[in-house]
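Before I ask anything, let me first share the structure, which is written out below as structure tokens.
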Amino acid sequence: MAEQVYIEDVKEGLELPPVKIAPDKQQLVKFAAGSGDFNPLHFDEKFANNMGLPETIVHGRFKYAVVGRMLTDWMGYKGRLKRFGVNYRGMDMPNRQITARGVVTAVRHEGSDHIVELDVWTEDADGKKTTPGTATVALPSRG
């Protein structure tokens, strides 16, 4: 985990440190066991081929979890993730890099909370956004 980030450190346009991962099939099988998502698209290559895909695909919720990890790593233990959601817009394949990214779109005060709005997403190895979304984080103040 990175150092604690404070509201005073954050400005619109700030890019979060990316998280990069290239999940292999074993990692995805473990994810399936933990999430209960045993759709054969994620582990049975023949099934995926019959569905018109060149190979199996990464779970959408796996990509959601990678974005969540990026957010929680960035905001630190004193931050609070207030809202977070993504849309599944593209497929990612095993053994290929997935990068979670985020950028601050607004900073505001809401009562005693210091709020940061973000655009978040994953992108595939070619840089195409596959899982865009938004998040709202409350950060502490140094003051």
Side-chain angles (χ1 to χ4, degrees), residues 1-45 47-48 51-143:
M1 182 182 291
E3 289 184 33
Q4 180 62 54
V5 65
Y6 293 90
I7 195 67
E8 292 85 0
D9 303 323
V10 178
K11 294 184 177 158
E12 193 172 314
L14 175 75
E15 294 183 19
L16 276 60
V19 170
K20 298 178 181 186
I21 190 166
D24 61 19
K25 288 186 181 184
Q26 182 180 16
Q27 188 172 14
L28 295 175
V29 167
K30 289 177 182 179
F31 184 82
S35 68
D37 183 353
F38 293 103
N39 186 322
L41 282 173
H42 305 303
F43 63 86
D44 184 335
E45 194 155 339
F47 181 86
M51 297 300 291
L53 298 172
E55 60 183 301
T56 60
I57 60 173
V58 174
H59 300 77
R61 286 184 281 176
F62 182 91
K63 298 186 294 179
Y64 182 75
V66 174
V67 173
R69 175 181 154 201
M70 176 199 58
L71 286 165
T72 57
D73 283 356
W74 171 73
M75 69 186 194
Y77 73 97
K78 292 182 181 179
R80 287 190 335 267
L81 184 57
K82 295 180 65 93
R83 187 184 54 77
F84 166 41
V86 297
N87 294 294
Y88 306 119
R89 298 287 187 230
M91 291 180 266
D92 291 273
M93 307 302 173
N95 301 308
R96 295 197 187 114
Q97 184 170 287
I98 299 168
T99 305
R101 297 187 181 279
V103 64
V104 174
T105 58
V107 179
R108 69 176 192 286
H109 298 282
E110 196 174 272
S112 62
D113 282 342
H114 309 287
I115 303 297
V116 178
E117 299 286 348
L118 303 110
D119 282 342
V120 294
W121 65 93
T122 61
E123 44 186 63
D124 65 16
D126 297 324
K128 178 185 172 201
K129 287 184 182 181
T130 59
T131 314
T134 58
T136 304
V137 172
L139 292 177
S141 174
R142 286 192 178 91

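This structure is a prediction, so every number in the text was calculated from the model and none was measured.
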Test: ring pair (Phe, Tyr, Trp, His ring centres under 6.0 Å). Region: residues 111-143. Which pairs qualify, not counting sequence neighbours?
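Matches after skipping sequence neighbours: H109-H114.
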*Could you give the distance from NZ (K63) to CD1 (I98), rounded to the nearest 0.5 Å?*
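If I round to the nearest 0.5 Å, the distance is 6.5 Å.
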Hey, what do you get for CG (D119) to OG1 (T134), rounding to the nearest 0.5 Å?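 It comes to 7.0 Å.
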Review point. For E110, which residues count as a salt bridge (Lys or Arg N to Asp or Glu O under 4.0 Å) partner, sequence neighbours excluded?
Key: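 With sequence neighbours excluded, E110 shows a salt bridge (Lys or Arg N to Asp or Glu O under 4.0 Å) to R108, given in chain and number order.
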Point-to-point distance, once rounded to the nearest 0.5 Å, from CD1 of I57 to CZ of F62:
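So the gap between those two atoms works out to 13.5 Å.
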Are any non-hydrogen side-chain atoms of R89 and K129 less than 4.5 angstrom apart?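 Heavy-atom side-chain distance check fails, nothing below 4.5 Å.
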What pairs of donor and acceptor atoms, side-chain ones from residues 15-24 against any protein atom, are under 3.5 angstrom apart with sequence neighbours left out?
unit_1	atom_1	unit_2	atom_2	d
D24	OD1	Q26	N	3.3
D24	OD1	Q27	N	2.8

Report the C-alpha distance between R142 and D9 in whole Å, list the side-chain angles of each, state the deciding distance to 0.1 Å, and finish with yes or no for side-chain contact (heavy atoms from CB on, under 4.5 Å).
CA-CA 10 Å; R142 286 192 178 91; D9 303 323; 2.9 Å; yes
Could you tell me which non-hydrogen atom of P94 sits nearest to which non-hydrogen atom of E55, and how far apart they are?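 Taking every non-hydrogen atom into account, CD-OE1, 4.0 Å.
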- Determine the minimum heavy-atom distance between E8 and P140, stating which atoms define it.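 That would be OE1-O, 4.3 Å.
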Check: Who pairs with T105 by side-chain hydrogen bond (donor to acceptor under 3.5 Å, both in side chains), at least two apart in sequence or on another chain?
Finding: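 Applying side-chain hydrogen bond (donor to acceptor under 3.5 Å, both in side chains) to T105 gives none.
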*Crowding at CE, M93 (>12 non-hydrogen neighbours, <6.0 Å)*: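 Above 12, so yes.
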**Prompt:** About how many Å separate CE of M91 and OG1 of T56, when rounded to the nearest 0.5 Å?
**Reply:**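 Answer rounded to 0.5 Å: 11.5 Å.
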Go through R69 and V66 one step at a time and tell me if the side-chain contact (heavy atoms from CB on, under 4.5 Å) criterion holds. CA-CA 5 Å; R69 175 181 154 201; V66 174; 5.5 Å; no
For K82, what residues pass the salt bridge (Lys or Arg N to Asp or Glu O under 4.0 Å) criterion, not counting sequence neighbours?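 Residues passing salt bridge (Lys or Arg N to Asp or Glu O under 4.0 Å) with K82: D113.
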Less than 4.0 angstrom from a charged side-chain N to a carboxylate O is my criterion; do D124 and K128 meet it?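 Result for this pair is no, no salt bridge flagged.
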To the closest 0.5 Å, what do you measure between CZ (R61) and NE2 (H42)?
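The NE2 atom of H42 is 8.0 Å from CZ of R61, to the nearest 0.5 Å.
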Sequence neighbours excluded, which residues qualify as salt bridge (Lys or Arg N to Asp or Glu O under 4.0 Å) partners of E45?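 E45 satisfies salt bridge (Lys or Arg N to Asp or Glu O under 4.0 Å) with K25 once adjacent residues are dropped.
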Quiz item: Of all heavy-atom pairs between A32 and H59, which one has the smallest distance, and what is that distance?
Solution: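 Shortest heavy-atom separation between A32 and H59 comes out as CB-NE2, 3.8 Å.
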message = Using side-chain contact (heavy atoms from CB on, under 4.5 Å), reason through L118 and L71 one step at a time and then give a plain yes or no.
response = CA-CA 10 Å; L118 303 110; L71 286 165; 4.2 Å; yes
Shortest non-hydrogen contact between A135 and V120, atoms and distance: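 Taking every non-hydrogen atom into account, CB-CG1, 4.3 Å.
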K11 and V104: side-chain contact (heavy atoms from CB on, under 4.5 Å), yes or no, with the steps? CA-CA 7 Å; K11 294 184 177 158; V104 174; over 6 Å; no
Indicate yes or no for a side-chain donor-acceptor contact from E117 to the backbone of V107 under 3.5 Å, with no hydrogens or angles considered.
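No; zero donor-acceptor contacts below 3.5 Å.
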Under 6.0 Å between ring centres, would you say that holds for Y64 and F84?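 Yes, ring centres under 6.0 Å apart.
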- request: Work out which heavy atom in V10 is nearest to a heavy atom in W74; give both atom names and the distance.
  value: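 Between these two residues, the closest heavy atoms are CG2-CZ2, 3.9 Å.
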Look up atom CG in D44 and atom CZ in F38, then write down how far apart they are to the nearest 0.5 Å.
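Reported value, rounded in 0.5 Å steps: 14.0 Å.
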